[in-house]
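Data block below; observations after.
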Number of protein chains: 2
Amino acid sequence: MENSKLKEQVKAEFTAYLTLHKHRKTPERYAVLDHIYSIKGHFDMESLLNSMLESNFRVSRATLYNTMELLLCCNLVVRHQFGANVAQYERAYGNENHDHLICQRCGKIKEYKNNNPAFTTSQKKYLQRFQISYYSMYIYGICSKCIAAHKTEDRKLKKSKNNNTQIKKK
Amino acid sequence: MENSKLKEQVKAEFTAYLTLHKHRKTPERYAVLDHIYSIKGHFDMESLLNSMLESNFRVSRATLYNTMELLLCCNLVVRHQFGANVAQYERAYGNENHDHLICQRCGKIKEYKNNNPAFTTSQKKYLQRFQISYYSMYIYGICSKCIAAHKTEDRKLKKSKNNNTQIKKK
DNA sequence: ATGTATGCAAACCATTTGCAATGAC
DNA sequence: GTCATTGCAAATGGTTTGCATACAT
């Protein structure tokens, strides 16, 4: 697959980071990186662990968290916390920055490739003293499916309201 | 203070929500709302609880979480999860949407009032089937202070490469 | 040879949950 | 009088930590 080229690049990037910071280049670390770059979308620790175990690479949770910390530091991975309890991760290298549409009702997350320049000139000016490594845009709302479902529900509610006891609004 | 007018508005908003959804209008719920709208910036559950206890209003954590859920639902409060473990909250009504600059080194969060229109026309077109209630823009990077500190540190590092203790967690 | 990284299991701690008592309706 | 809501305490579960062992350098 042509994914292998990307994997080579991130591996080189990771190696550079490890060398610079005098961290050891363990097989576990490279295996974690490789697995992450085999995943396209979001993932959490549990699924990453399972995916690695399934392909017969044994890692501990501790190592996974440890490695993830390093990958976050060198911006090869990005962490999200969409409302829920578990952190979601996502590979960051060669991954166009995109917004996230998060449905507050069903919790589904849709990616939205925003083609606009990330920051306007005036923003850049303001931000020049802040060294940006990446940004995350989370757009919360109700997805079209849930809007439809909600309308149906409302209709039912109105019916039952009319049939049953009702609270008079002054 | 002229904050009281705002408080009246959100109280009315909350009442409407509670009525619509047939939830009870308990003193606890209104007290929580009132306290939240006395806080200007971000806060977490612990500090909110303490603040309430200090002003002699006893609430349980359970009620706090419960009420917060309602306030999130009716968009009177927004929840953030900036990297860390604890969720941060922020009042949402009458609060201009702003971006968050999050320093990956010191963890400090700076608000950045973005004066640009939230969405371009092309974005709006794409998003028209998604009912936006609010959005959060998180910009991660290194703040100017930390950049300076880092430079100094680097200089020291070059002099004596003994400094291995980097970011030790408490 | 040295000390970092791993794996395991226990600890941590914000959040959630179960249940009896309370109080809004 | 009902039953949603509260408060308390215990449970949950993702993440972190301590420590003995393994292994990168």
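Numbered from 1 within each chain, the chains take letters A, B, ... in sequence-line order. When reading the values below, keep in mind they use all heavy atoms of this one structure, side chains included, and skip hydrogens, waters and symmetry mates.
Counting to the nearest Å, the P atom of dG14(D) and the CG atom of L48(A) are 14 Å from each other. When rounded to the nearest whole Å, the span between CZ of F14(A) and C1' of dA24(D) equals 14 Å. Taking atom OH on Y89(B) and atom P on dA14(C), their separation rounds to 12 Å, with Å as the unit. For E46(B) and dC12(C), the CD to C1' distance is 14 Å, given to the nearest whole Å. One interatomic measurement links the two molecules: OH of Y65(B) to C1' of dG18(C), which rounds to 17 Å at whole-angstrom precision. Residue M68(A) contributes atom CE, which lies 15 Å from atom C1' of dT16(D) at whole-angstrom precision. As a whole-Å value, the separation of M45(A) CE from dG7(C) P is 13 Å. At whole-Å resolution of the value, NE2 in H21(A) and C1' in dG3(C) are 19 Å apart.
Cation-pi geometry between K11(A) and Y30(A) is met: the NZ or CZ atom falls under 6.0 Å from the ring centre, inside 45° of the normal.
Side-chain contact, N66(A) with T63(A): no donor N or O sits under 3.5 Å from an acceptor N or O. H35(B) and S55(B) share a donor-acceptor pair across their side chains, judged by distance under 3.5 Å alone. Judged purely by distance below 3.5 Å, without hydrogens or angles, the side chains of H80(A) and E90(A) pair a donor atom with an acceptor atom. Side-chain contact of S47(B) with D44(B): a donor-acceptor pair under 3.5 Å is present, judged by distance alone.
Of the two residues contacting DNA chain C, namely P27(B) and Q81(B), the nearest-nucleotide position lying further toward the 5' end is that of Q81(B).
Counting all heavy atoms, side chain and backbone alike, A92(A) lies closest to Y37(A) at N-OH, 3.4 Å.
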*Take nucleotides 1-7 of chain D nucleotide by nucleotide from the 5' end and write B, S or -, depending on whether a protein heavy atom sits under 4.0 Å from the base, only from the sugar-phosphate, or from neither.*
--BBSSB
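Atom NZ of K25(A) is surrounded by more than 12 heavy atoms from other residues, nucleotides or ligands within 6.0 Å.
Overall, the helix from dA1(C)-dT25(D) to dC25(C)-dG1(D) carries an axis bend of 40° between its ends, with five pairs at each end and the value rounded to 10°.
Judged purely by atom type and a 3.5 angstrom limit, S133(A) uses its side chain to pair as donor or acceptor with the backbone of Y140(B).
For Y138(B) and F82(B), the distance between ring centers is under 6.0 angstrom.
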